[in-house]
J.: 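I'd like to ask some things about the structure below.
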Amino acid sequence: MTARPRSLAAKRTLAAEIETRLRREYPTAHCELDFRTPYELLVATILSAQCTDKRVNMVTPALFAKWPDARALARATPSALEKVIQSTGFFRAKAKSLLGMARVVVEEHGGEIPTTMEALVALPGVGRKTANVLLGNAFGRNEGIVVDTHVARLSARFGLTRATDAVKIEAELMPLFARDGWALLSHLLIWHGRRACTARAPKCEGCVLADICPSSSI
DNA sequence: ATCCCGAGGG
DNA sequence: CCCTCTGGAT
């Protein structure tokens, strides 16, 4: 347990220590979604909202066998698609997103998933979080830190950020970490947020960051 | 009951 | 800023 960092320098020092420790704690942290192409990762990521990656991985093999790329998916009927993805929840909204996404990809990008933040976010059902996952994990880009609820909560607890809006949190967070490796860093923060730094009843005992955390209960 | 690596819409 | 969309796991 420590005081909340005040200066930019103090925040950077804390951020670097957090990253070092998390890299050591989770040497094999990686994206748990199964995918072989950018198209597959985009579909899987859209399906992963409010759903575990395990469950997404249970439905995607059938989905990709039926609709192996955006051109095929664009021709799917909503009911057939809904049937396949039903167990991931929000299935009507997700089917609508997937179909709209596939159609825009075919009509405006020649059937290939676009590789820029601007074009990705313009796709139906694709927000900043999903776009960041694609950029980091499918295109090897390094354009930002993925800010989801876990990253938002964890960085707030460490006093690294004050904003509640994801875009502002990202802007506050990026200057604090080294410029390379944001994709891996995002995974580490999310991973730790899910496993230890949970929303309710965080597992501070045994947390590798407890002694440098301003919010730790121990 | 409560939570899940969100996005769109009012 | 609020609400809604949904099934499954715990």
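Reckoned from all heavy atoms, side chains included, excluding hydrogens, waters and symmetry mates. Letters A, B, ... are given to chains in the order of the sequence lines, protein chains preceding strands, and every chain is numbered from 1.
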J.: Answer yes or no: is there a side-chain heavy-atom contact under 4.5 Å between A:Val146 and A:Val151?
T.: no
J.: I need the residues from residues 123-136 of chain A with at least one non-hydrogen atom less than 4.0 Å from DNA chain B; give them sorted by number, or say none.
T.: A:Leu123, A:Pro124, A:Gly125, A:Val126, A:Gly127, A:Lys129, A:Thr130
J.: Could you check how far CD1 of A:Ile190 sits from P of B:dC3, rounded to whole Å?
T.: 19 Å
J.: Examine distances only and state if a side-chain atom of A:Asp34 and a backbone atom of A:Asn57 form a donor-acceptor pair shorter than 3.5 Å.
T.: no
J.: Quick one: CG on A:Leu189 to CZ on A:Phe177, what's the gap to the nearest 0.5 Å?
T.: 5.5 Å
J.: Would you call A:Arg128 and A:Val147 a side-chain contact if the rule is heavy atoms closer than 4.5 Å?
T.: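 Of all side-chain heavy-atom pairs linking A:Val147 with A:Arg128, none is under 4.5 Å.
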J.: Check each residue of residues 46-63 of chain A for a non-hydrogen atom within less than 4.0 Å of any atom in DNA chain C, then write out the ones that pass by number, or none.
T.: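 Per residue number, the list reads A:Gln50, A:Arg55.
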J.: From NZ of A:Lys203 over to P of B:dC3, roughly how many Å is that when rounded to an integer?
T.: 12 Å
J.: Would a 4.5 Å heavy-atom cut-off, applied to side chains only, mark A:Glu170 and A:Trp182 as touching?
T.: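 No; the side chains remain at least 4.5 Å from each other.
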J.: In the structure I gave you, are the side-chain heavy atoms of A:Ile18 and A:Leu160 within less than 4.5 Å of one another anywhere?
T.: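 Side-chain contact under 4.5 Å: yes.
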J.: When the distance from CZ of A:Arg200 to C1' of B:dC4 is rounded to whole Å, what number comes out?
T.: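 About 13 Å, once rounded to whole Å.
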J.: Rounding to a whole Å, what distance do you find between A:Leu33:CG and B:dG6:P?
T.: 11 Å
J.: Check for a donor-acceptor pair, side chain of A:Asn142 on one end and backbone N or O of A:Arg179 on the other, with a separation under 3.5 Å.
T.: yes
J.: Rounded to whole Å, please give me the gap between CH2 in A:Trp191 and C1' in B:dC4.
T.: 15 Å
J.: Measuring only the P atom in each nucleotide, how far is B:dT2 from C:dT6? A whole number of Å is fine.
T.: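 It comes out at 22 Å once rounded to the nearest Å.
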J.: Residues of residues 85-101 of chain A with any non-hydrogen atom less than 4.0 angstrom from an atom of DNA chain C: list those, numerically ordered, please.
T.: A:Gln86, A:Ser87, A:Gly89, A:Phe90, A:Phe91, A:Arg92, A:Ala93
J.: Donor-acceptor pair, A:Arg153 side chain versus A:Cys197 backbone, under 3.5 Å?
T.: yes
J.: Quick one, A:Tyr39 and A:Val105 - any side-chain contact, counting heavy atoms below 4.5 Å?
T.: no
J.: Could you check whether any side-chain N or O of A:Ser48 sits under 3.5 Å from a backbone N or O of A:Asp53, counting only pairs where one atom can act as donor and the other as acceptor?
T.: no
J.: Starting at atom CG of A:Asp165, determine the distance to atom C1' of B:dA7, rounded to an integer number of angstrom.
T.: 14 Å
J.: So, are A:Lys168 and A:Glu172 salt-bridged, with charged N and O less than 4.0 Å apart?
T.: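 Salt bridge flag = no for A:Glu172 with A:Lys168.
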